[in-house]
Amino acid sequence: MRYWWVNQNQTYRHEVEGGYLWSPKRKANGHSNPFYDFMREVKPGDVIFSFANTQIRAIGVAQSYAYEAPKPIEFGEAGAYWDKIGWRIDVRFQPLRLPARPSEHMSRLARYLPVKYAPLRPNGSGLQSVYLTMVPEDFAAELIDILGAEAHSLVNAIRLSATDSGHDTSAIGLVQWEEHELHRVQSDTTMTSTDRLAIVMARRGQGLFKQRVNRIEKACRITGVDRLEHLVASHCKPWRDATNEERLDGENGLLLTPSIDHLFDRGFISFEGNGRLIVSPVAHEESLSRMGIDTRSPQTVGRFSNAQQVYLEFHQENVLLKSRYLET
DNA sequence: CCACGCGCTGG
DNA sequence: CCAGCGCGTGG
């Protein structure tokens, strides 16, 4: 379980009442922004401190991993320059009956501020450049102490339930966004109904797309299963992000057995161009091992073609659940 | 309430 | 250099 800080001056009301976090994927000029990238490092059960108008006003618990979602319409003019598509995380927020102002407690907090990606300056002032950022455990402990009894019991309850069992509800949001794209394809009268059907079937890794992938890939790269009835054609560049051409491009697919397809589709694993398996640091190792993936020693599954590598790079950058803090 | 500009951080 | 979910100020 980790602790996060979110600046919500512009969207506090919508995000807390709506029960979510939302960020663009990139800055307006197209460059990446670490404070948006952090969205993909959040795990269900993580604790989120909500900061708005110089105060910590709410504490939240993540209920999902980040998934792609349109900008909430309720934002209105707030963040008008943000892109229409971004990352969303379901969060259960609890507004605090007694908000606290961190700037009044810097004598206790300052020593725990990280050198990089800190949510506050040493004088307690916030930073415009920050959206979401991780806070160290000792900083969080101090902050919880400052917030008082309500925060204490809240976070204790979260800690207890975190050790119980799963919270994974993120598939719901993904489906919601894909529905939107699906509807667009189905109502696109510039294509024949055959083309539309092929594109719709490609979403489930079946039909023409699967045939095309099968010309390049003969078996699941992890399990070695080669019977088509047990294989799904999984997109490297996800169906929802791809053009219609890319949705049907055989180089954009891998044949995988269902549980491996799930891990790849949801970003728990990815592959390098040379075939090396990448395991996300947020993945549950024992589950992976039970699904047939050896997480102890490095695995390779065979080199990929140049065209496949381009799609796999997209997967690594946009689907894989990364963790900056677990890299060295 | 909103708009502006001053800061500073990170790429 | 540029861009960013802050902050105080002034209307």
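Per chain, numbering begins at 1; letters A, B, ... match sequence-line order.
- Between the side chain of A:K210 and the backbone N or O of A:M201, no donor-acceptor pair lies under 3.5 Å.
- With distances taken from any side-chain atom of A:F75 to the nucleotides C:dC7, B:dG10, C:dC5, the minimum falls on C:dC5.
- The phosphate of C:dG6 has neither OP1 nor OP2 within less than 4.0 Å of any side-chain N or O from A:Q8.
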- Message: A:S234 vs A:D261, test: side-chain hydrogen bond (donor to acceptor under 3.5 Å, both in side chains). Steps then yes/no.
- Response: CA-CA 6 Å; A:S234 199; A:D261 166 62; 2.6 Å; yes
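- Closest to the side chain of A:K27, out of C:dA3, C:dG8, C:dC5, is C:dA3.
- Considering only side-chain atoms of A:F51, the nucleotide from C:dC5, B:dG10, C:dC7 that sits closest is C:dC7.
- Between A:N9 and C:dG6 there is a side-chain polar atom (N or O) within less than 4.0 angstrom of OP1 or OP2.
- Distance from the side chain of A:N29 is smallest for C:dC2 among the nucleotides C:dC5, C:dC7, C:dC2.
- For A:Y36 and C:dC5, the shortest distance from a side-chain N or O to OP1 or OP2 is below 4.0 Å.
- Relative ring orientation between A:H14 and A:F75 is described as tilted, the plane-to-plane angle lying within the 30° to 60° band.
- Taking atom NE2 of residue A:H31 and atom C1' of nucleotide B:dG11, one finds them 8 Å apart after rounding to whole Å.
- Note: CH2 (A:W5) to P (C:dG4) measures 21 Å, nearest angstrom.
- Within 4.0 Å (heavy atoms only), A:V130 reaches sugar-phosphate atoms of the nucleic acid but no base atom.
- Distance from the side chain of A:P34 is smallest for B:dG10 among the nucleotides B:dG10, C:dC7, B:dT9.
- A:Y12 comes within 4.0 angstrom of no nucleic acid atom, judged by non-hydrogen atoms across all strands.
- For C:dC5, the base has a donor-acceptor partner in the side chain of A:T11 [N/O atoms by modelled type, under 3.5 angstrom].
- The aromatic rings of A:F38 and A:W4 lie tilted to each other, with the angle between the two planes from 30° to 60°.
- The nucleotide whose nearest atom lies closest to any side-chain atom of A:R121 is, among B:dG10, C:dC5, B:dC8, B:dC8.
- You'll find that the side chain of A:Q10 is closest to C:dC5, out of B:dG7, C:dC5, C:dC7.
- When both pairing distances are held under 3.5 Å, C:dG6 makes a Watson-Crick or G-U pair with B:dC6.
- Under the 6.0 Å cut-off for aromatic ring centres, A:F271 and A:H315 do not qualify, their centroids lying 6.0 Å or more apart.
- Along DNA chain C, the nucleotide nearest A:Q55 and the nucleotide nearest A:S129 are compared for position; the residue whose nucleotide lies closer to the 5' end is A:S129.
- Between the CD atom of A:Q128 and the P atom of B:dG5 there is a distance of 14 Å, rounded to whole Å.
- For the pair A:Y131 and B:dT9, the criterion of a side-chain N or O lying under 4.0 Å from OP1 or OP2 is not met.
- For the OP1/OP2 pair of C:dC5 and a distance below 4.0 Å, the side-chain nitrogens and oxygens of A:K71 include no atom meeting the criterion.
- When rounded to the nearest whole Å, the span between NZ of A:K116 and C1' of B:dG10 equals 7 Å.
- When heavy atoms are screened at a 4.0 angstrom cut-off, A:W22 is found touching base atoms of the nucleic acid.
- The aromatic rings of A:W5 and A:F51 sit tilted, their planes meeting at an angle between 30° and 60°.
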